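One structure below.
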Amino acid sequence: MTLRLTNTLTRRSEPFVPLVPAQVSIYCCGVTVYDLCHLGHARSYIAWDVLRRYLTWSGFAVTFVQNVTDIDDKILQRATAEGSSMEEVSERNITAFQADMAALNILPPDRMPRATRCLDGIRQLIGELESKGAAYSADGDVYFAVTKAAGYGKLSGRDLSEQQDNADGRVSGEEERRKHHPFDFALWKGAKPGEPSFPSPWGPGRPGWHIECSAMVRQELGDSIDIHLGGADLIFPHHENEIAQSEAATGKPLARYWLHNGMVNVSGEKMGKSLGNFTTIRALLESGVSPMTLRLFVLQAHYRKPLDFSAEALEAAATGWRGLNAALELVARFGDRLGFEPPDPAEPLSANPESSDTSDSREAFIAAMDDDLNSSAALAVLFKLARPLRALSNRLERGEDPHEPDPLPGATPSDLLAQWQLLVELAGVLGLKAEPSPTAPPREDPAAAGPVEREIAALIKQRLEARKARNYAAADAIRDQLRGHGIELIDRPGGSTDWIRR
RNA sequence: GGCGGCAUGGCCAAGUGGUAAGGCAGAGGAUUGCAAAUCCUUUACCCCCAGUUCGAAUCUGGGUGCCGCCUCCA
């Protein structure tokens, strides 16, 4: 089996074969930093993070480049509105972007070029296009001539003559008059008076949106790369124009595989900055949604399909994650009680020979991921691996007799350990890792208890007395009261009661 | 108008010719004063119509509905 990916360029699923054996060059279209990232960005970058992790895990040496667009009309608008500068707005949002990505356990790109730092490459590329007759200047602007690009429209499947010109009504008449063809697009925009600008042979101005990616790919990775990534909304015009520019300049294919993720929808409509219906990553995390819940939510759907966002779906993912997490945490929390050695991070997985059971799981996982990154099917493998581990963890946490357990009914410790190790490994390929779950305070250490713990202990004592008096209504009221605060009571045999946070 | 995509149980969602993964939620049972946890059992005429085939959720044709893109967009 080899990895197959759906290539937008050919509209087919194709086996992945890199240009250079065992090496993969990836360019991912990044954010325009005029605002915080929202769930749509999270979806996209989680999907590509999984692609990257899977390729690396499969033995490829991956170079992952993701740009930051820090020159843009909207950044300029923000800066003007708040009385600051493009640099300030960009810098602030880049910092936020990196923090959000780190929180979601998305690996940072190997290199993160910025438009403001690639101006030489941009100007050079525009110059080449001009000298090849693929670009023309007009009143301080420079435009790319789409009619000079053979195969323009090949990525998006468009025929120029069939398109509705200015379908969204966002193009100004002034700009339109300068163009030879309505679909020509700006490589360089002359600065209006008072606007920040960069010098160029065509006068002061700033680069158009598409040209930076062409310049950055070339600068960071060369003329042809393996995989180019982005959201489906970038297929046209952004990626179409990137192809046109790059291939007009180099005469070589820009990328062999073009992958696009589906949009995040809110009540059936695309989530987007311009639609104003977005939820930022930050707001979600601050509202108590855990990063891994968000990852699970995203990965439960195939990356190319639309993903519908709702509080209910997110809640379901949170519950699902609790189960996976309980399994992932098993050894950290109960390893000593089970007689497991804590794993050595230096050589984690090769030490234990795998049972046939785990090798089946490994194969199923690989088969799922090889099939155009079917993370949903891959997760099914994780859930299957996790089920007995989770059950064991729950039993140890709130089981009948925690001090004298028979924790391994029907399984040997080495089987369980092998399953756990495989689970951790495969979860890691999806970027899922254990999150410490809140646990009960040490029972033998009342001195360490804070006021909240003491209050809980007092309530438990009240309830115990109510139960002794057979006043179950009062006892259950206390149970419900605590449950309302996320405290779950566990009655043990022998009359004692423990509690955990949920 | 052009291009592309999607339609699977209460919700989310895999499955591209061999008789429906998984998650969430629910139901019944064992256990519990009640719970929690655990164990067992359980919930689908795959949007409609026609066709191809021994066999179709899967392929073909025709509908219906929804979504994305057509120079802001992940």
Side-chain angles (χ1 to χ4, degrees), chain A residues 8 11 13 28-32 34 37-45 47-48 72-74 153 156-168 170-171 175 179 182-186 208-210 229-238 240-241 260-265 268-275 296-297 300-302 304-308 310 312-321 323-324 364 368 371 374-384 391-400 409 467 470 472-473 475-476 479-480 483 488-491 493 499-500 502:
Chain A
T8 306
R11 292 168 192 78
S13 162
C28 177
C29 273
V31 279
T32 303
Y34 70 89
C37 288
H38 57 66
L39 186 54
H41 300 101
R43 200 264 170 110
S44 183
Y45 300 141
W48 306 140
D72 169 81
D73 290 356
K74 287 191 175 165
S156 54
R158 279 169 164 71
D159 181 344
L160 283 182
S161 62
E162 306 262 5
Q163 299 305 299
Q164 263 182 22
D165 180 30
N166 194 17
D168 253 16
R170 271 186 272 107
V171 179
E175 190 179 336
K179 294 182 181 178
F183 279 76
D184 288 352
F185 53 90
W209 175 34
H210 316 295
L229 304 172
D233 51 353
L234 298 184
I235 295 171
F236 192 91
H238 183 54
E240 194 71 70
N241 291 350
H260 293 98
N261 63 275
M263 299 293 98
V264 174
N265 290 342
E269 276 207 320
K270 172 183 162 182
M271 177 181 286
K273 287 181 182 174
S274 53
L275 294 173
L296 184 66
F297 171 66
Q300 273 183 313
H302 186 89
R304 299 182 65 244
K305 287 201 175 182
L307 173 63
D308 221 68
S310 68
E312 294 74 25
L314 203 58
E315 183 52 44
T319 314
W321 169 246
L324 269 184
D371 180 16
N374 188 342
S375 53
S376 182
L379 280 171
V381 176
L382 297 200
F383 278 110
K384 189 180 167 211
L392 174 58
S393 175
N394 281 326
R395 242 181 287 137
L396 290 170
E397 182 173 60
R398 36 194 144 184
E400 304 277 299
R467 291 175 70 205
R470 305 233 157 228
Y472 291 122
D476 291 350
R479 178 196 284 289
D480 292 344
R483 202 201 317 261
E488 183 183 310
L489 297 184
I490 301 161
D491 293 331
W499 60 273
I500 56 175
R502 289 207 69 190

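Being a predicted model, the structure only gives us computed values, none of them experimental. In what follows, chains are A, B, ... by sequence order, proteins preceding strands, each numbered from 1.
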All N/O pairs under 3.5 Å across the protein-nucleotides 38-44 of chain B interface:
| from | atom 1 | to | atom 2 | distance (Å) |
| --- | --- | --- | --- | --- |
| B:U38 | OP1 | A:Asn394 | ND2 | 3.1 |

| said: Looking only at the side chains, is there a donor atom on one of A:Ser156 and A:Glu240 sitting less than 3.5 Å from an acceptor on the other? | reply: yes
| query | Hey, does the side-chain of A:Asp491 have a donor or acceptor N/O within less than 3.5 Å of a partner on the base of B:C34? | reply | yes
| Within 45° of the six-membered ring axis of A:Tyr472 and under 6.0 Å from that ring's centre, is NZ or CZ of A:Arg467 located there? | no
| task | Tell me what A:Gly153 touches on the nucleic acid: a base, only sugar-phosphate, or nothing, going by heavy atoms under 4.0 Å. | result | nothing
| field | A:Asp476 (side chain) and B:G33 (base): donor-acceptor pair under 3.5 Å | value | yes
| said: Classify A:Lys74 by what it touches in the nucleic acid, base, sugar-phosphate, or nothing, heavy-atom distance under 4.0 Å. | reply: base
| task | Look only at the side chain of A:Thr319 and the backbone of A:Glu315, and say whether a donor-acceptor pair between them is shorter than 3.5 Å. | result | yes
| said: Which is more 5' along RNA chain B, the nucleotide nearest A:Ser310 or the one nearest A:Met263? Just name the residue. | reply: A:Ser310
| task | Name the nucleic acid region contacted by A:His210, choosing base, sugar-phosphate or nothing; use a 4.0 angstrom heavy-atom cut-off, strictly under. | result | nothing
| query | With distance as the sole test, does A:Ser310 use its side chain to make a donor-acceptor pair with the main-chain N or O of A:Ala313 at under 3.5 Å? | reply | yes
| What's the closest nucleotide to the A:Thr319 side chain, out of B:C34, B:A13, B:A25? | B:A25
| said: Would the distance check show the side chain of A:Asn374 and the main-chain N or O of A:Ala377 forming a donor-acceptor pair, the cut-off being under 3.5 Å? | reply: yes
| query | B:C3 and B:C45: how far apart are their C1' atoms, nearest whole angstrom? | reply | 35 Å
| note | Side-chain atoms of A:Ala380 come closest, of B:A74, B:G22, B:C24, to B:G22
| task | Between A:Gly272 and A:Phe236, name the one whose nearest nucleotide on RNA chain B is closer to the 5' end. | result | A:Phe236
Kindly give the atom pairs (protein nitrogen or oxygen, nucleotide nitrogen or oxygen) under 3.5 Å for nucleotides 4-7 of chain B.
| from | atom 1 | to | atom 2 | distance (Å) |
| --- | --- | --- | --- | --- |
| B:A7 | OP1 | A:Lys305 | NZ | 3.2 |

| said: Once you apply a heavy-atom cut-off of 4.0 Å, does A:Gly230 come out as touching a base, just sugar-phosphate, or nothing? | reply: sugar-phosphate
| remark: Among B:C73, B:G33, B:A13, the one nearest any side-chain atom of A:Lys270 is B:C73
| field | Watson-Crick or G-U pairs under 3.5 Å in RNA chain B, rendered as dot-bracket with [ ] for crossing pairs and | for another strand | value | ((((((((.[[[..)..(...]]].(((((.......)))))....[[[[[..)....]]]]])))))))....
| task | Check side chain to side chain donor-acceptor pair (under 3.5 Å) between A:His38 and all other residues, then give those that pass, not counting sequence neighbours. | result | none
| field | salt bridge (charged side-chain N to carboxylate O under 4.0 Å, His left out) partners for A:Lys273, two or more places apart | value | none
| Picking from B:C73, B:C69, B:G15, which would you name as closest to the side chain of A:Asn374? | B:G15
| field | Electrostatic pair A:Asp491-A:Arg479, nearest N-O below 4.0 angstrom | value | yes
| message | Taking donor-acceptor contacts at under 3.5 Å, does the side chain of A:Arg479 reach the base of B:A35? | response | yes
| query | Base, sugar-phosphate, or nothing for A:Leu234, non-hydrogen atoms under 4.0 angstrom? | reply | sugar-phosphate
| message | Donor-acceptor pair, distance only, cut-off 3.5 Å: does the side chain of A:Lys270 make one with the backbone of A:Met263? | response | no
| field | Modelled atom types, side-chain donor and acceptor of A:Thr32 and A:Asp72, under 3.5 Å | value | no
| query | Are A:Tyr472 and B:G33 stacked, counting the six-membered base ring, centres under 5.5 Å, planes under 30°? | reply | yes
| message | Need one value for A:Val381: base, sugar-phosphate or nothing, where a base atom within 4.0 Å counts as base even if backbone is also close, heavy atoms only. | response | nothing
| message | What contact category does A:Leu382 fall into here, base, sugar-phosphate, or nothing, at under 4.0 angstrom with non-hydrogen atoms? | response | nothing
| Qualifying residues under side chain to side chain donor-acceptor pair (under 3.5 Å), relative to A:His238, sequence neighbours excluded | A:His210, A:Glu242
| query | Counting any heavy atom closer than 4.0 Å, what does A:Tyr45 reach on the DNA or RNA strands: base, sugar-phosphate only, or nothing? | reply | sugar-phosphate
| Just by distance, do the side chain of A:Arg43 and the backbone of A:Gly262 share a donor-acceptor pair under 3.5 Å? | yes
| said: Using the side-chain heavy atoms of A:Gln300, tell me which of these nucleotides is nearest: B:G23, B:A14, B:G2. | reply: B:G23
| Using the C1' atom in both, what is the distance from B:A21 to B:G62, to the nearest Å? | 32 Å
| Nearest-angstrom distance, C1' atom, B:A7 to B:C40 | 36 Å
| query | Are side-chain N/O atoms of A:Thr8 and A:His260 paired as donor and acceptor at under 3.5 Å? | reply | yes
| query | Checking all strands, does A:Ala301 fall into the base, sugar-phosphate, or nothing category for heavy-atom contacts under 4.0 angstrom? | reply | sugar-phosphate
| task | Give a yes/no on whether any side-chain N or O of A:Asn265 is located under 4.0 angstrom from OP1 or OP2 of B:G68. | result | no
| Would one find a side-chain N or O of A:Trp321 under 4.0 angstrom from OP1 or OP2 of B:C24? | no
